[in-house]
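Working notes, structure below.
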Amino acid sequence: MAPSYALERLQDLEPTAAQFRSAVLDGLAQRQKRLPCKFFYDAEGSRLFDAICDLPEYYPTRTECRILEVRARDIADLLGRRVRLVEFGSGAGYKVRLLLRTLSEPAAYVPVDISRSQLLSAATSLARDFPALHIAPMCADYTQPFSLPNSTQKVALATAGFFPGSTIGNFNPEQAWAFLAQARRLLGRGAWMIVGVDVHKDSAVLNAAYNDAAGVTAAFNLNLLRRINRELDGTFDLEAFRHRAFYNEAERRIEMHLISLRDQSVDVGDEAFTFAAGETIHTEDSYKYAIGDFQRLAAGAGFEPVAAWTDPDRLFAIHMLRAS
Ligand SMILES: C[S@@+](CC[C@H](N)C(=O)[O-])C[C@H]1O[C@@H](n2cnc3c(N)ncnc32)[C@H](O)[C@@H]1O
């Protein structure tokens with residue numbers, strides 16, 4: 001029997017193996033070796049990220065969820081009836097449920113994520129729980145241009161973007177500006193944008209969040225090397241690299257690196273790369289913003305700040321923006 005929910009077939013714009021290879025080879029050829037954090041999320045990377053969200057040191061997820069729970073009614077009142085929700089980096093699709101439960105007759109949901117396996121299972125599970133919701137999953141890199149399915153426009157009275165998890169912090173401020181400007185074009189004039197942003201704070205809290213005692217963030221970071229070994233014929237020895245994360249106060253960002261524990265040479269396919277002991281691969285940044293600083297950035301990209309909600313300890317902020 002056909003399922004009774006409105007789940008469209010997944011649109012597949014997943015980066016190809018050739019794009020992954022080219023990004024890895026380019027990054028490892030730089031003086032400060034780099035790997036793009038968007039490639040963390042194979043099936044194991046997505047699983048490890050979800051485990052990070054449950055760690056006692058990792059305050060962002062539970063704090064953001066709490067703000068969303070408290071503010072769900074305010075958000076629903078602003079968005080109105082029959083909204084089309086476009087989520088960037090939808091992951092396990094847990095946070096959007098906090099909104100969908102309160103929105104008035106939500107019309108369509110477009111989860112956009114680079115991790116196809118997780119996107120499919122999250123979309124299927126949401127479709128079961130929200131059978132009246134039209135769901136159109138898109139496996140895509142949201143830094144690249146794409147368009148929204150026409151089918152979702154027909155059923156909606158308004159459009160809202162949703163970008164939780166402080167994933168916007170993985171961009172540097174110029175890239176964040178470019179992302180917001182592109183999202184504004186994608187969503188259209190008058191669209192809402194709900195962005196979860198981690199707030200600049202005491203470095204001890206930040207350093208603990210990215211150096212958990214159980215070593216899950218370390219496993220998440222190292223999994224990128226495992227993925228390169230598997231998908232690009234790499235020869236990384238995972239015992240010869242160690243996770244390192246620290247708050248760079250001047251740049252207001254957490255930096256994640258993989259540090260080489262000895263002099264070594266690593267192959268990726270036919271290319272060889274040498275590492276000195278102590279040399280690092282810079283794998284991720286997570287920028288932190290004061291509320292006013294993020295509002296100014298968003299305004300520069302064409303989004304008027306409407307509200308910014310925080311928790312009592314001002315650890316995290318949900319920004320409500322509107323495309324002007
Ligand atoms: C930090 S996790 C956040 C997950 C979830 N939104 C949350 O708040 O818990 C980042 C998510 O964005 C996805 N992602 C990262 N870079 C991406 C990109 N360039 N394009 C599309 N999805 C991306 C990952 O697969 C992952 O699901």
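Values in this document were obtained by computation on a predicted structure and should not be read as measured data. Note that ligands are numbered from 1 as they come in the structure, with each ligand's atoms numbered from 1 the same way. Only this structure's heavy atoms are used, side chains among them; waters, hydrogens and symmetry mates stay out.
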Residue pair Lys38, Asp141: steps toward the salt bridge (charged side-chain N to carboxylate O under 4.0 Å, His left out) verdict
CA-CA 8 Å; Lys38 65 186 173 195; Asp141 177 349; 2.7 Å; yes

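For atom 25 (O) of ligand 1, the nearest protein heavy atom (residue, atom name, distance) is Asp113 OD1, 2.6 Å. Annotation: atom 20 (N) of ligand 1 to nearest protein heavy atom, Tyr142 N, 2.9 Å. In terms of protein heavy-atom proximity, atom 19 (N) of ligand 1 is nearest to Asp141 OD1, 2.9 Å. Nearest protein heavy-atom contact of atom 11 (C) of ligand 1 is Gly89 O, 3.7 Å.
Heavy-atom proximity to Ser115, at under 4.0 Å, picks out these atoms of ligand 1: 25 (O). Less than 4.0 angstrom separates some heavy atom of Gly91 from each of these atoms of ligand 1: 27 (O). Within ligand 1, counting atoms from 1 as listed, the ones closer than 4.0 Å to a heavy atom of Ala140 are 20 (N), 21 (C). In summary, the atoms of ligand 1 found under 4.0 Å from a heavy atom of Lys38, numbered by their order in the structure, are 16 (N), 19 (N). Within the listing of ligand 1, atoms 8 (O) sit less than 4.0 angstrom from a heavy atom of Gly165. Each of the atoms 7 (C), 8 (O), 9 (O) of ligand 1 lies under 4.0 Å from some heavy atom of Lys95. Those atoms of ligand 1 with a heavy atom of Phe49 less than 4.0 angstrom away are 1 (C), 2 (S), 3 (C), 4 (C), 9 (O).
Counting heavy atoms from C-beta on, the side chains of Phe171 and Thr143 come closer than 4.5 Å.
Applying the 6.0 Å contact sphere to CD of Gln32 captures more than 12 heavy atoms from other residues, nucleotides or ligands. Summarising the local packing, CD of Glu251 is surrounded by more than 12 heavy atoms from other residues, nucleotides or ligands at distances under 6.0 Å.
With a 4.0 Å heavy-atom cut-off, ligand 1 is reached by the backbone of Ile114 and by its side chain too. Proximity of Tyr41 to ligand 1, defined as any heavy-atom pair under 4.0 Å, is confined to the side chain (atoms from C-beta onward).
Ion pair Glu64/Lys95 flagged as a salt bridge, since at least one NZ, NE, NH1 or NH2 atom sits closer than 4.0 Å to an Asp/Glu carboxylate oxygen. Taking 4.0 Å as the cut-off between side-chain N and carboxylate O, Lys201 and Asp313 do not count as a salt-bridged pair.
Hydrophobic clustering (side-chain heavy atoms under 4.5 Å, transitive across Ile, Leu, Val, Met, Phe, Trp, Tyr) groups Phe179 together with Val86.
For Pro164, the closest heavy-atom approach to ligand 1 falls below 4.0 Å.
With Phe273 as the aromatic partner, Lys33 does not meet the cation-pi criteria of under 6.0 angstrom to the ring centre and within 45 degrees of the ring axis.
Using modelled atom types, no side-chain atom of Asn248 and backbone atom of Arg253 make a donor-acceptor pair closer than 3.5 Å.
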